[in-house]
Amino acid sequence: MAKQGVDDYKYVGKEKFRIDKFDSADTGEFTDRAEAVDEFVHNLLKINKLQQKLYAERKEGVIFVFQAMDAAGKDGVIRTVCNTLSPHGGREYCFKVPSSEESSHDYLWRFWSAMPARGNISIFNRSYYEDVLVGKVHKLWENQILPDRMRKTDIIKQRYEQIKNFEKYLYDTGTRVIKIFLNVSKEEQARRFISRIDTEKKNWKISSGDIKERKFWDDYMEAFETMVNETSTEVNPWYVVPADHKWYARLTVSRIVLKTLEEIDPQWPVISDEELEAVQEYRKELAASLPGEYLPPVPQLPEFANPGILAAEIVENEERAKIVEKTERRKARGFRAVEELLENSPSIGSLDAIIEAIAEARDTETEFESK
Ligand code: AMP
Ligand code: MG
């Protein structure tokens, strides 16, 4: 079935999510990753620009929550898509097994310090949803010291309600919570675990804990399905993303992040006429203080920008790249390397290669110059 944007993966509490009917190997309208790279790169660029406005406007905060089984690609998605977000107004928070201090409080307590200020974005790499996932599968509350009245209720059912209310509270007070479940198949997880065991530089990623959790696969699937159905709302939706193909998961997440920011539609703050008039006076003073006539800056590609963004800028605006090529040969070399890369191996994974190509082009030039 051909997908239309990301809406087919979105749950708002109306249509039921059925995990057994979900195709985690879906690649939407694409048959190959090469077809998707152009959109992906452009999405990153648009996300980056919108974030600058979001930050400048300081009107609304956003939390992107990521949940998934082990090896579903959470970290990779965050590295490639959220890497586009400037640390200026964006930060990742990883939530692990709660510390003893954290477990001695209610389960939402540890999230308050990670809340984004308005204009900021928080990435939650795992979240309070662990308390209705691993917490549900292993009945973790049974080991906690809790008042008797809590034992008399269905703790998990209560948590769904509490989480929904918590997120509604955040929405009503200026923060959107967008939830993303990367849904990988059991077979694909097996392949990725094997690759982690076989590849030395991936060894650190696998633990015996991961293998133990895999034995509870069906319980986890039930917990994920119920979690989506119980906590999806119109304003705080869940997106269930097919995650068997990393490139498609990354593209889809880029679409979700972009769509969210487009919906917020942040605007550059406008200053009042009086203030503008006042600074115009000041501008005259500043211009008079310069030795010569003031010339506006020539548009350029930023030399120290995020390489992914640089690559996107090139695709976006070849004209600008040409200006730079004429005026700044050193930088242009890096750009040509990037262009070649995009032409020859246009894959989502090539962003890492782009970073290397830029570094290499600059290093070569620096070596050459210093001789
Ligand atoms: P990782 O993200 O792979 O480094 O693993 C973090 C681990 O912390 C996972 O096994 C999570 O299930 C676990 N974790 C996170 N939050 C909780 C929680 N509230 N209760 C129990 N385990 C948790
Ligand atoms: Mg893990």
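Atoms within a ligand are numbered from 1 in the order they appear, just like the ligands themselves.
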Closest non-hydrogen contact found for Pro237 with Glu234 is CD-O, 4.0 Å
Arg159 to Tyr107, cation-pi by 6.0 Å centre distance and 45° axis angle: yes
Between the side chains of Thr31 and Glu35, does any donor sit under 3.5 Å from an acceptor?
yes
Ranking Arg126, Arg110, His138 by closest non-hydrogen atom to atom 19 (N) of ligand 1, top hit is Arg110
For Pro98, the atoms of ligand 1 under 4.0 Å from one of its heavy atoms are 17 (C), 18 (C), 19 (N), 20 (N), 21 (C)
* Asked: Hey, is Asp7 close enough to Lys259 for a salt bridge, meaning N to O under 4.0 Å?
  -> yes
TODO: Take every heavy atom of Gly135, measure it against each atom of ligand 1, and state whether any distance is under 4.0 Å.
DONE: no
Logged contact type for Leu140 with ligand 1, heavy-atom cut-off 4.0 Å, is side chain
Residue pairs passing the side-chain hydrogen bond (donor to acceptor under 3.5 Å, both in side chains) test with at least one member in residues 272-282, sequence neighbours excluded, are Glu281-Lys284
Counting from 1 in the order shown, the ligand 1 atoms closer than 4.0 Å to a non-hydrogen atom of Phe95 are 15 (C)
Across all chains, not counting sequence neighbours, the salt bridge (charged side-chain N to carboxylate O under 4.0 Å, His left out) partners of Arg151 are none
field: Arg118, CZ: over 12 other non-hydrogen atoms inside 6.0 angstrom
entry: no
Logged contact type for Tyr128 with ligand 1, heavy-atom cut-off 4.0 Å, is neither
For ligand 1 and Asn125, I'd like to know whether there is a polar contact (N/O to N/O, distance under 3.5 Å). no
Tightest non-hydrogen contact, residues Trp112 and Leu170, listed as CZ3-CD2, 4.4 Å
Checking the N or O distance criterion of under 3.5 Å, is ligand 1 in contact with Ser127? no
Within 4.0 Å of some non-hydrogen atom of Asp131, the atoms of ligand 1 are 19 (N)
If we number the atoms of ligand 1 from 1 as shown, the ones under 4.0 Å from a heavy atom of Lys96 are 1 (P), 2 (O), 4 (O), 6 (C), 8 (O), 14 (N), 15 (C), 16 (N), 17 (C)
Counting from 1 in the order shown, the ligand 1 atoms closer than 4.0 Å to a non-hydrogen atom of Val134 are 12 (O), 20 (N), 21 (C), 22 (N), 23 (C)
